[in-house]
2 protein chains.
Amino acid sequence: MGKKLTKRSEDYSKWYNELVVKADLAENSGVRGSMVIKPYGYAIWEKMQAQLDRMFKETGHENAYFPLFIPKSYLSREAAHVEGFAKECAVVTHYRLKNAEDGSGVIVDPEAKLEEELIVRPTSETIIWDTYKKWIQSYRDLPVLVNQWANVVRWEMRTRLFLRTAEFLWQEGHTAHATREEAIQEAELMMNIYAEFAEKFMGVPVVKGLKTESERFAGALETYCIEALMQDGKALQAGTSHFLGQNFAKAFDVKFATKEGNQEYVWATSWGVSTRLMGALVMTHSDDNGLVLPPKLAPIQVVIVPIYKGEEQLAAISERVEGVVKDLRDRGVSVKFDNRDTHKPGWKFNEYELKGVPVRLGIGMRDMENQTFEVARRDTLEKQTVAADAVVDHVVGLLEEIQENIYNKALNYRESHITEVNSFEEFKEVLESKGGFLSAHWDGTPETEDKIKELTKATIRCIPLNAREEEGVCVYSGKPSKIRVLFAKAY
Amino acid sequence: MGKKLTKRSEDYSKWYNELVVKADLAENSGVRGSMVIKPYGYAIWEKMQAQLDRMFKETGHENAYFPLFIPKSYLSREAAHVEGFAKECAVVTHYRLKNAEDGSGVIVDPEAKLEEELIVRPTSETIIWDTYKKWIQSYRDLPVLVNQWANVVRWEMRTRLFLRTAEFLWQEGHTAHATREEAIQEAELMMNIYAEFAEKFMGVPVVKGLKTESERFAGALETYCIEALMQDGKALQAGTSHFLGQNFAKAFDVKFATKEGNQEYVWATSWGVSTRLMGALVMTHSDDNGLVLPPKLAPIQVVIVPIYKGEEQLAAISERVEGVVKDLRDRGVSVKFDNRDTHKPGWKFNEYELKGVPVRLGIGMRDMENQTFEVARRDTLEKQTVAADAVVDHVVGLLEEIQENIYNKALNYRESHITEVNSFEEFKEVLESKGGFLSAHWDGTPETEDKIKELTKATIRCIPLNAREEEGVCVYSGKPSKIRVLFAKAY
Ligand SMILES: [Zn+2]
Ligand SMILES: [Zn+2]
């Protein structure tokens with residue numbers, strides 16, 4: 001099998017890399033920095049997509065599709081934006097290949113050079129605002145509430161499956177509004193939707209907050225974010241929602257006629273989550289035996305494994321199992337009955353443990369006699385014998401319990417890893433010994449932020465929205481501060 | 001409004017281009033050859049995707065995701081394949097931009113040149129078979145039944161919304177099998193699924209057939225296709241399914257251990273449909289007033305338009321309408337109650353006609369008194385007065401009737417536009433006067449096929465699967481032939 005995992009305590013990073021591959025979520029491809037998302041991993045992403053898409057549509061958003069390619073001149077229109085993305089752009093320069101004259105193979109045809117280079121979208125603000133110019137003339141055309149599911153490319157030198165890849169999948173919402181207030185409300189709404197999705201579906205507790213100026217999206221006036229904490233004490237940014245002010249409207253000259261007949265620039269937001277969420281999901285819940293998946297996103301919620309010798313026993317077991325499968329499906333539970341005779345029960349137990357299937361039902365001849373099932377839950381690895389006629393209700397309840405339990409476990413971990421620190425010594429000590437979020441006073445300057453990053457590798461993850469005012473002094477500079485921010489080392 | 005359409009009889013091509021834009025399906029972008037799919041158009045595509053995805057999964061396929069970029073050397077491995085795609089490849093050569101030293105703006109950084117160029121996928125056989133090499137060792141790993149929803153790029157000089165665009169959205173299935181027979185069965189299965197989808201959901205009748213050698217997919221041994229006929233008498237290839245033999249397995253050295261322990265090359269298929277289907281949908285059913293959508297793919301199946309003066313009348317109508325909306329939704333019908341006071345009823349009638357909403361309910365004060373609704377169907381433009389308490393049942397029935405009617409109408413058109421021709425004179429005359437499919441004997445050579453194309457612009461759309469043997473002579477060369485094939489001018 002070769003499926004034995006490195007332990008988290010030995011090498012957390014190696015554990016993660018192995019787990020993603022061994023659990024059939026994703027693997028590296030022959031293209032530097034680009035991953036293959038395997039069917040099992042993609043099935044989880046599809047469940048995420050379906051739920052997010054539902055939440056977007058319930059709040060009035062529609063999907064659309066914009067070009068993959070962005071003319072270089074578009075990207076350059078908003079100064080901060082191009083500054084932020086220029087260093088990681090994949091550039092299309094030619095549109096044809098041809099046979100080399102020396103017969104050495106296929107080469108780029110030098111005569112098929114584009115007049116203007118095309119950038120493979122790293123994000124779509126520019127091409128979308130170029131389009132919105134055609135869509136928006138009057139206040140009657142507002143708001144525009146559009147989302148796109150797409151692939152984007154940001155050239156990265158050091159990549160890791162799901163966490164940082166040259167190409168990734170995401171959704172990007174791009175909205176246009178008549179007023180500043182409405183745009184800010186939209187940005188906050190989407191942050192809240194992301195937080196609700198992370199907590200209720202992924203079982204990942206998050207802190208909602210604002211990014212500091214240096215961590216903001218290139219072109220935004222304000223970036224809202226949700227920050228999660230992984231089991232190794234490092235933070236992970238799980239979603240961002242940007243208030244873009246009128247920056248892109250000005251860059252692309254998008255004005256609208258107000259009710260009063262004035263011409264004003266349109267207000268904008270953009271917001272996105274990506275396949276990075278898959279990394280957050282894996283790192284939040286999984287253990288040394290493999291994945292632990294929240295029932296609400298598990299492609300298979302329940303697996304049933306028969307323990308038998310010979311056709312006759314399998315036939316008897318199958319008959320009993322059939323009704324349970326049907327009843328569970330009627331209750332909306334996804335079930336797999338793994339009756340393959342090519343693999344032993346023990347192999348199957350390990351396999352579904354590795355793949356994080358929330359509930360496993362085992363049934364052998366003793367269970368047949370006693371009219372029971374053995375019920376094993378993945379999160380706690382506990383086993384229990386349950387009467388056959390109660391097993392459907394039991395499993396349905398158990399799935400809810402697991403969903404809640406893994407969230408609470410992650411929440412307890414997170415809560416016990418937010419540490420208030422009041423000096424730079426303490427800051428460094430806690431960061432190295434315990435990790436997690438450090439709640440510390442900061443003087444509000446990018447210089448101090450940079451210096452702390454340089455000395456400790458910790459960055460300001462966010463200024464939490466629920467932070468209360470408190471007189472204090474910056475842990476680094478000693479200058480006065482009115483609010484604690486959250487520092488952490490981050491993915 | 002400026003929404004008045006060119007008539008089909010005046011200029012079919014102009015009618016199509018205008019309709020796609022005016023009905024808010026898609027528009028050209030600032031990127032040459034790339035379109036923006038607008039929310040209304042995308043909503044139809046989403047319905048197509050959802051249904052196709054269901055049909056793929058019901059037949060055992062899973063989704064996955066493979067890289068957008070293909071190393072140039074991969075594309076070159078299968079000789080026919082690279083030959084077929086080399087002329088339309090978008091090529092990434094650099095991975096960074098930088099500020100020009102003369103301050104003139106952002107330029108491609110010459111130091112960030114890729115060692116090997118990357119091709120933006122025109123199709124994914126090569127990158128996928130490079131991956132399958134890792135997935136497949138033994139007969140136990142087969143079949144692999146994987147599909148991908150993705151964007152692809154084929155550089156086109158002359159583009160048209162949906163029909164031919166540089167970037168388009170599609171799905172591509174890529175399967176691997178232990179035997180030749182199984183792969184052929186898979187290719188046929190998927191052609192049948194495409195045909196079922198086209199006929200039952202899009203309401204578009206199709207001919208199933210095989211492509212001739214010169215029209216085959218680059219790298220395939222056999223290409224199955226479904227061919228539809230548009231209202232102007234031109235054919236449109238709506239989907240293809242390829243039997244790839246062992247070509248890609250050999251190019252990427254993908255072998256498997258058989259049950260008997262031998263090493264054999266794997267057998268392959270690939271199959272795809274794209275946003276081109278949107279073009280087929282528009283061109284098959286729509287009329288001079290705008291879109292006609294099949295109820296099964298219409299984003300809004302029923303629109304209700306109130307005809308009223310003042311708040312009070314609207315309130316009374318709204319109350320009556322509310323129950324109908326709820327009852328229709330309970331029956332699974334998507335309904336929009338357009339109670340906007342910014343637009344007049346007449347404007348709304350035109351708008352929903354243009355957008356192809358299958359059923360429109362009108363209700364004014366006379367209907368309120370008489371307890372009726374005015375029911376208008378989009379396909380025939382007929383109106384009818386229906387008692388309020390019968391309207392829900394009536395509408396549900398009507399939606400089915402419309403779905404059937406537009407299919408039958410398209411089928412009648414298609415059937416009356418397959419013409420048997422027996423001489424080249426007749427061939428040319430029917431092609432120019434009536435158009436449609438010409439059922440003609442052909443000597444089986446690519447030379448004759450080419451010559452006919454050169455002289456008439458008609459190509460062999462397919463060798464129909466249901467063709468019966470018949471002694472005859474080639475319409476062009478006079479050589480003997482045993483089967484009639486279908487010629488047509490095509491999109
Ligand atoms: Zn700890
Ligand atoms: Zn005709």
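Everything numeric in this text was worked out from a predicted model, so none of it was measured. Each chain gets a letter, A, B and so on, in the order its sequence line appears, and its residues count up from 1.
- Between chain B and the residues A:Thr131, A:Ile128, A:Asn151, the largest count of heavy-atom pairs under 4.5 Å involves A:Asn151.
- Residues B:Pro67 and A:Val36 are in side-chain contact: their nearest non-hydrogen atoms beyond the backbone lie under 4.5 Å apart.
- Residues A:Leu68 and B:Val120 meet the side-chain proximity criterion, which asks for heavy atoms closer than 4.5 Å.
- Residue contact with chain A, scored on non-hydrogen atoms closer than 4.5 Å, is absent for B:Asp109.
- Using a 4.5 Å heavy-atom threshold, the side chains of A:Val31 and B:Ile127 count as touching.
- For a residue to count as touching a neighbouring chain, one of its non-hydrogen atoms must lie under 4.5 Å from one of that chain's; by this rule B:Glu117 touches chain A with the side chain only.
- For B:Glu167 and A:Tyr65, the side-chain atoms include at least one donor-acceptor pair closer than 3.5 Å.
- Residues A:Lys134 and B:Ser29 come closest through the heavy atom pair NZ-CA, 4.3 Å.
- Contact of B:Asn63 with chain A is made through backbone and side chain together, with heavy-atom distances under 4.5 Å.
- In terms of heavy-atom pairs under 4.5 Å with chain B, the best-connected choice from A:Glu116, A:His94, A:Gln148 is A:His94.
- More than 12 heavy atoms of other shown residues, nucleotides or ligands fall within 6.0 angstrom of atom NZ in A:Lys98.
- Taking OH of A:Tyr42 as the reference point, atom CZ of B:Phe66 lies at 11.0 Å (rounded to 0.5 Å).
- You'll find the side chain of A:Leu97 stays beyond 4.5 Å of the side chain of B:Phe85, heavy atoms only.
- Contact of the B:Met157 side chain with the A:Tyr95 side chain is registered, since non-hydrogen atoms from C-beta on lie closer than 4.5 Å.
- Counting heavy-atom pairs closer than 4.5 Å to chain B, the top-ranked of the candidates A:Pro71, A:Gly30, A:Ser73 is A:Gly30.
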Next item on the list: Test side chain to side chain donor-acceptor pair (under 3.5 Å) on A:Trp135 and B:Glu27 and set out the steps.
Entry: CA-CA 11 Å; A:Trp135 293 6; B:Glu27 64 187 34; 3.0 Å; yes

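- B:Lys57 touches chain A through its side chain: at least one heavy atom from C-beta onward sits under 4.5 Å away, while N, CA, C and O do not.
- Contact tally against chain B (heavy-atom pairs below 4.5 Å) for A:Arg140, A:Glu46, A:Met35: the top residue is A:Glu46.
- For B:Ser76, the part lying under 4.5 angstrom from a heavy atom of chain A is the side chain only.
- With a threshold of 4.5 angstrom between heavy atoms, B:Leu114 approaches chain A through side-chain atoms but not through N, CA, C or O.
- Looking only at heavy-atom pairs under 4.5 Å with chain B, the residue among A:Tyr40, A:Phe69, A:Trp45 that has the most is A:Phe69.
- At most 12 non-hydrogen atoms from other residues, nucleotides or ligands lie less than 6.0 angstrom from CD of B:Glu83.
- Looking at B:Lys72, its side chain does come within 3.5 Å of a backbone N or O of A:Val106 through a donor-acceptor pair.
- Note on A:Gly105, A:Ala112, A:Ala150, A:Ala90: by heavy-atom pairs under 4.5 Å with chain B, the leading option is A:Ala90.
- Of the residues considered (B:Val146, B:Thr165, B:Val153), B:Val153 shows the highest number of contacts with chain A, using heavy-atom pairs under 4.5 Å.
- For B:Asp53, the part lying under 4.5 angstrom from a heavy atom of chain A is the side chain only.
- Side-chain contact between A:Leu118 and B:Arg32: absent, with no pair of heavy atoms (C-beta onward) separated by less than 4.5 Å.
- Chain A forms the most heavy-atom pairs under 4.5 Å with one residue out of B:Thr342, B:Leu169, B:Asp130, and that residue is B:Leu169.
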